[in-house]
Amino acid sequence: MTPDIHMQDGWSVLPRAFYRRYPTHVAPELLNKILVRADGPAARIVEVEAYAGGDDPAAHSFRGATPRNATMFGEPGHLYVYFSYGMHWCCNAVCGEIGSGMAVLLRAAEPLLGQDAMFQARKAARRGRDLASGPGKLSQAFGITRELDGADLVTANRGISIVSDGLPPPVAPQVGPRIGISRAADFPWRWHVPGNPHVSRR
DNA sequence: TTGAGGATTCTC
DNA sequence: AGAATCCTCAAA
């Protein structure tokens with residue numbers, strides 16, 4: 001952990017082994033974990049989706065490695081950032097074994113710290129639940145762009161990490177199909193915290 | 001070199 | 001419901 005991350009009492013960084021599993025196992029366990037940036041925002045993850053490389057026609061990595069998705073094929077525990085629809089950035093936690101091209105998309109989070117900065121970063125946000133209730137919103141609130149593609153969430157080498165404050169994942173997370181995809185649209189690989197107002201598509 | 005298709009968001 | 005907006009990659 002770099003001294004850049006403003007760690008609170010009782011926070012602990014998720015270890016490499018957490019990520020080195022199939023994304024459908026990692027995804028629901030990322031619920032209630034905390035995404036944190038140096039000198040900036042912290043937010044509790046409340047919605048995620050799994051993308052499973054060659055097993056998953058909806059994954060960017062399904063047809064193999066390209067310059068864009070190279071990070072997905074690297075070491076688990078790194079951040080995969082991609083540009084979406086010509087205007088939004090979205091971020092994932094790389095999972096599985098090296099070379100598997102698997103990841104978990106961080107779709108929504110509940111702001112905990114640095115909300116003022118998040119409102120500054122997201123002019124369209126009128127209320128707290130507008131800050132990170134979607135993958136593009138979350139990345140914008142955190143100021144995540146191409147520059148953070150490949151950042152190591154375990155060593156926090158670029159000032160971004162995922163930590164636990166001891167709150168476990170929901171005992172019964174809500175499960176359903178992923179949003180905004182056309183292929184493999186029936187895979188029930190989206191999980192969210194039941195009833196949380198910061199989940200996307202309220 | 002070309003062009004179709006996006007893991008979205010905002011406004012009307 | 002439609003626009004905004006541009007990168008990526010396969011195919012020619």
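Throughout, a chain's letter reflects where its sequence line sits, starting with A, and its residues are numbered from 1. Worth saying up front: this structure is predicted, and the values here are computed from it rather than measured.
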Heavy-atom closest pair (A:V154 atom, A:V13 atom, distance to 0.1 Å) is O-CG1, 3.5 Å
Please report whether the ring centroid of A:Y82 lies less than 6.0 Å from that of A:H60.
yes
>> At 4.0 Å (heavy atoms only), tell me whether A:R63 reaches a base, stays on the sugar-phosphate, or touches nothing.
In response: nothing
Respond yes when some side-chain nitrogen or oxygen of A:R126 is under 4.0 Å from OP1 or OP2 of B:dC10, and no when none is.
-> no
Whole-Å distance, A:Y51 OH to B:dG6 P, equals 12 Å
Rounded to whole Å, CG of A:N69 lies from P of C:dA10 at a distance of 9 Å
Of the candidates B:dT9, B:dG6, B:dA7, the side chain of A:K137 sits closest to B:dT9
pair_partner(C:dT8), Watson-Crick or wobble, both distances < 3.5 Å, evaluates to B:dA4
Distance below 4.0 Å between A:R122 side-chain N/O and B:dC10 OP1 or OP2: yes
To the nearest angstrom, the NE2-C1' distance between A:H88 and B:dG6 comes to 12 Å
| query | Phosphate oxygens OP1/OP2 of B:dA7: is one of them under 4.0 Å from a side-chain N or O of A:H60? | reply | yes
Could you tell me whether A:I181 contacts a base, only the sugar-phosphate backbone, or nothing, with contacts defined as non-hydrogen atoms closer than 4.0 Å? sugar-phosphate
(Q) Under 4.0 Å, counting only non-hydrogen atoms across every strand here, what does A:A58 touch: a base, just sugar-phosphate, or nothing? (A) base
Atom CG of A:L138 and atom C1' of B:dA7 are separated, to the nearest Å, by 13 Å
Of A:P67 and A:G86, the one whose closest nucleotide on DNA chain C sits nearer the 5' end is A:G86
ask   = Looking only at side chains, do A:S61 and A:N69 share a donor and an acceptor under 3.5 Å apart?
value = no
To the nearest angstrom, the CZ-C1' distance between A:R190 and B:dT8 comes to 14 Å
task: Using the six-membered ring of A:F119, assess whether NZ or CZ of A:R127 lies under 6.0 Å from its centre and within 45 degrees of the ring axis.
output: no
| message | Just to be sure I understand the rule, does A:R178 reach a base, reach only the sugar-phosphate, or reach nothing, if contact means heavy atoms closer than 4.0 Å? | response | nothing
The Watson-Crick or G-U wobble partner of B:dT11, with both key distances under 3.5 Å, is C:dA1
- Identify whether any heavy atom of A:R183 sits under 4.0 Å from a base atom; if not, whether one sits that close to sugar-phosphate; answer base, sugar-phosphate or nothing. nothing
Test: A:R21 cationic atom under 6.0 Å from A:Y19 six-membered ring centre, within 45° of axis = no
When rounded to whole Å, the CZ to C1' distance for the pair A:R107 and B:dT9 reads 11 Å
Between A:R146 and A:M87, whichever has its closest DNA chain C nucleotide further toward 5' is A:M87
Between CD of A:Q140 and P of C:dA4 the distance, given in whole Å, is 18 Å
On the side chain of A:Y82, is there an atom forming a donor-acceptor pair with the base of B:dA7 - under 3.5 Å, no angle test? yes
Whole-Å distance, A:F83 CZ to B:dT9 C1', equals 12 Å
**OP:** Please work out whether the ring planes of A:F83 and A:W89 are parallel, tilted or perpendicular, with thresholds of 30° and 60°.
**Re:** tilted
| request: Give a yes/no verdict on base stacking between C:dA4 and A:Y85: centres under 5.5 Å, planes within less than 30° of parallel. | output: no
